[in-house]
Amino acid sequence: MMQVRWLNIIPLMSAIIQKNTIDSIKPEMSENMKFASAVAETGMLLRDSEYKGSSSYESVLSLLDSISDIKSDESKAEFAELVKKMADMPKSDK
């Protein structure tokens, strides 16, 4: 169960909303969530983030390949092409 509390400025009173989140959990990510995850993972790789974990351009491409409308959406297809080019670039040693 998730609870959110906020303060109404006029009149000064607080309210609470409760929503059971167990029913809203889905076993698989939506297409938009997959794309957002791929973008975030790519950003972490580009910045060499300490939070990237075991991320790789190959895992980003795998995630992008699982999106059904990747070919029909021009911006998603262009992003996938950019990731493919980044994956093919030689790795540089710092």
Does any non-hydrogen side-chain atom of [Y] lie less than 4.5 Å from one of [X]?
| X | Y | answer |
| --- | --- | --- |
| Met86 | Val60 | no |
| Asp73 | Ser75 | yes |
| Leu64 | Lys34 | no |

Between the side chains of Glu41 and Lys52, is the shortest nitrogen-to-carboxylate-oxygen separation below 4.0 Å, so that they form an ion pair?
no
Answer yes when Lys84 and Asp88 have at least one side-chain N-carboxylate O distance shorter than 4.0 Å, and no when they do not.
no
Could you state the interatomic distance from [atom1] ([X]) to [atom2] ([Y]), rounded to the nearest 0.5 Å?
| X | Y | atom1 | atom2 | answer |
| --- | --- | --- | --- | --- |
| Tyr57 | Leu82 | OH | CG | 11.0 Å |
| Asp69 | Lys76 | CG | NZ | 4.0 Å |
| Thr42 | Leu61 | OG1 | CG | 8.0 Å |
| Arg47 | Leu45 | CZ | CG | 12.5 Å |

When you measure from the side chain of Ser62 to the backbone of Glu58, do you find a donor-acceptor pair of N or O atoms at a distance under 3.5 Å?
no
Sub-3.5 Å donor-acceptor pair from the side chain of Ser37 to the main-chain atoms of Met33, do we have one?
yes
As a quick check of understanding, evaluate side chain to side chain contact (heavy atoms under 4.5 Å, CB included) for Met29 and Leu63, giving each step before the final call.
CA-CA 11 Å; Met29 287 193 291; Leu63 190 56; 4.0 Å; yes
